[in-house]
Undergrad: 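One structure, as structure tokens, below. Some questions next.
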Amino acid sequence: MPSTRLLLLSNSSAPGRGYLEHAREAVAAHLAGVSELLFVPYALADHDGYTAKAAAFFAELGIRVRGAHTAADPRELVASAQAVFTGGGNSFRLLKTLHERGLVDALTGRVRAGMPYMGSSAGTNMACPTLRTTNDMPIVQPPSFAALDLVPFQINPHYLDPDPASAHMGETREERLTQFLEENDVPVLGLREGTWLRRTDDRLTLHGLATGARLFRRGAAPVEYAPGADLSELLTVRPTFDDRAG
């Protein structure tokens, strides 16, 4: 059986640290044995500049980087890739481009066949069944919210806790996710900054800073998890969308 290998980061940049430096050891372990990485830069407008930024980091690990945008048909690059990293930015722009380039099925097929997948922020959103728990503004309209479906639950990267000292009167992130659960019956894991998930086959674990993650389920109080937590049970859920709570 092919091995499913995912590394899903909440963020790619941390205060006082360089690009991906906060997760350097986890990235190196995830990509052990990989000599060339396919980078998916579509979440930002400057594909060349974004690819160069990623290439500078991975060069320190001895890994060459090629941008998916450099091929007329990027599906050909996906078909031969050793591993893929989908970078952060705007999730709507990213998913729209993945659909337009025929990469949703191409990426899903290769990852399920054993190719390592790494995502940060918007790239982590892409691993979910749907785009619906992104924080991003819909600057473009994808033909569908359906994403790569590499895990059967939803993730909210950059999860922020309510600040009782703030004068902001808008919705908190928790309120928005609660509203999502009123319409959809699927767990949502709020990944705080500096945290990430690692999946190897049927095992899913939380890593990173001590702030950890917060899990939301319909009809239940949120649950806190610390780094090292085994979240494998989330890989067994069966999500239901557009199912309003009665």
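Note that the structure is a prediction, hence the values are computed from the model and not measured.
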Undergrad: Under a 3.5 Å distance rule, please check whether Asn184 uses its side chain to pair with a backbone N or O of Asp242 as donor and acceptor.
TA: yes
Undergrad: For Phe180, does its backbone N or O pair with a side-chain atom of Glu183 as donor and acceptor, under 3.5 Å?
TA: no
Undergrad: Hey, does the side chain of Arg5 reach the backbone of His30 with a donor-acceptor pair shorter than 3.5 angstrom?
TA: yes
Undergrad: Do Leu9 and Leu209 sit in one hydrophobic cluster, given that two such residues count as connected whenever their side-chain heavy atoms are within less than 4.5 Å of each other, even indirectly?
TA: no
Undergrad: Is the closest basic N to carboxylate O distance between Arg218 and Glu182 below 4.0 Å?
TA: no
Undergrad: Please check this pair: side chain of Arg217 against backbone of Val188, looking for a donor-acceptor N/O pair closer than 3.5 Å.
TA: no
Undergrad: Between Glu193 and Thr211, is there a side-chain heavy-atom distance shorter than 4.5 Å?
TA: no
Undergrad: Return the minimal non-hydrogen interatomic distance between Gly87 and Ala43, and the atom names on each side.
TA: O-CB, 3.8 Å
Undergrad: Give a yes or no on whether the backbone of Gly119 and the side-chain of Thr124 come within a donor-acceptor separation of less than 3.5 Å.
TA: yes
Undergrad: Using the rule that two of Ile, Leu, Val, Met, Phe, Trp, Tyr join whenever any of their side-chain heavy atoms come within less than 4.5 Å, decide whether Leu7 and Tyr159 are in one cluster.
TA: no
Undergrad: Have Thr205 and Asp230 got a donor and an acceptor in their side chains that come within less than 3.5 Å?
TA: no
Undergrad: Under 3.5 Å, is there a donor-acceptor pair between the side chain of Thr134 and the main chain of Leu131?
TA: no
Undergrad: Taking C-beta and beyond as the side chain, do Arg198 and Leu6 meet within less than 4.5 Å on heavy atoms?
TA: no
Undergrad: Minimum heavy-atom separation for Val34 and Gln82, please, with both atom names.
TA: CA-OE1, 3.4 Å
Undergrad: Less than 4.5 Å apart, any side-chain heavy atom of Phe39 and any of Phe58?
TA: no
Undergrad: About how many Å separate CZ of Phe145 and NE2 of His99, when rounded to the nearest 0.5 Å?
TA: 10.0 Å
Undergrad: State, yes or no, whether a side-chain contact exists between Ser10 and Trp196 at a heavy-atom distance under 4.5 Å.
TA: no
Undergrad: For the atom pair SG (Cys128) and CG (Leu150), what is the distance rounded to the nearest 0.5 Å?
TA: 9.0 Å
Undergrad: How long is the straight-line distance from CD of Glu21 back to OG of Ser13, given to the nearest 0.5 Å?
TA: 10.0 Å
Undergrad: I need the Ser144 OG to Lys96 NZ distance, nearest 0.5 Å.
TA: 13.5 Å
Undergrad: For the residue pair Leu44 and Gly89, what are the closest heavy atoms and their distance?
TA: CD2-CA, 3.9 Å
Undergrad: Measure across Pro142 and Phe92 and return the closest heavy-atom pair with its distance rounded to 0.1 Å.
TA: CG-O, 3.7 Å
Undergrad: Does any donor atom in the side chain of Ser91 or Asp136 lie under 3.5 Å from an acceptor atom in the other side chain?
TA: yes
Undergrad: Whether the side chain of Asp201 engages the backbone of Thr4 through a donor-acceptor N/O pair (distance < 3.5 Å, no angle test) should be reported.
TA: yes
Undergrad: Any side-chain donor-acceptor pair under 3.5 Å between Thr86 and Tyr117?
TA: yes
Undergrad: Do Phe57 and Arg24 come close enough that some side-chain heavy atom pair is under 4.5 Å?
TA: yes
Undergrad: For the backbone of Leu204 and the side chain of Arg199, can you confirm whether one donor and one acceptor N or O come within less than 3.5 Å of each other?
TA: no
Undergrad: Does a side chain donor of either Asn135 or Arg173 reach within less than 3.5 Å of an acceptor in the other side chain?
TA: yes
Undergrad: For atom CZ of Arg203, is the number of surrounding heavy atoms from other residues, nucleotides or ligands below 6.0 Å larger than 12?
TA: no
Undergrad: Are Thr195 and His207 linked by a side-chain donor-acceptor pair shorter than 3.5 Å?
TA: no
Undergrad: With a 4.5 Å limit on heavy-atom distance, are the side chains of Pro187 and Leu215 in contact?
TA: yes
Undergrad: What are the two closest non-hydrogen atoms of Ser121 and Pro157, and how far apart are they?
TA: O-CG, 3.7 Å
Undergrad: Using a distance-only test with no angle check, is there a side-chain donor-acceptor pair under 3.5 angstrom linking Arg112 and Thr108?
TA: no
Undergrad: Within a strict 4.5 Å, meaning less than it, do heavy atoms of the Thr51 and Asp46 side chains meet?
TA: no
Undergrad: Look at the side-chain heavy atoms of Ile, Leu, Val, Met, Phe, Trp and Tyr, link any pair under 4.5 Å apart, and say whether Leu94 and Val65 land in one connected group.
TA: no
Undergrad: If only atom types and distance count, is the side chain of His47 paired as donor or acceptor with the main-chain N or O of Ala68 below 3.5 Å?
TA: no
Undergrad: Between Phe216 and Phe153, does the ring pair (Phe, Tyr, Trp, His ring centres under 6.0 Å) criterion hold? Intermediate values first, please.
TA: CA-CA 11 Å; Phe216 297 85; Phe153 60 96; over 10 Å; no
Undergrad: Tyr42 ring centre to Arg101 NZ or CZ under 6.0 Å, with the angle to the axis within 45°?
TA: yes
Undergrad: Taking side chain as C-beta onward, heavy atoms only, is Val84 less than 4.5 Å from Met118?
TA: no
Undergrad: Between CG of Asp185 and CG of Asp243, what distance do you get to the nearest 0.5 Å?
TA: 6.0 Å
Undergrad: Going from CG on Asn156 to CD on Glu174, what distance comes out if it is rounded to the nearest 0.5 angstrom?
TA: 11.0 Å
Undergrad: For the residue pair Thr130 and Gln154, confirm or rule out a side-chain donor-acceptor distance under 3.5 Å.
TA: no
Undergrad: Test side-chain hydrogen bond (donor to acceptor under 3.5 Å, both in side chains) on Arg176 and Thr172 and set out the steps.
TA: CA-CA 6 Å; Arg176 291 179 177 178; Thr172 65; over 6 Å; no
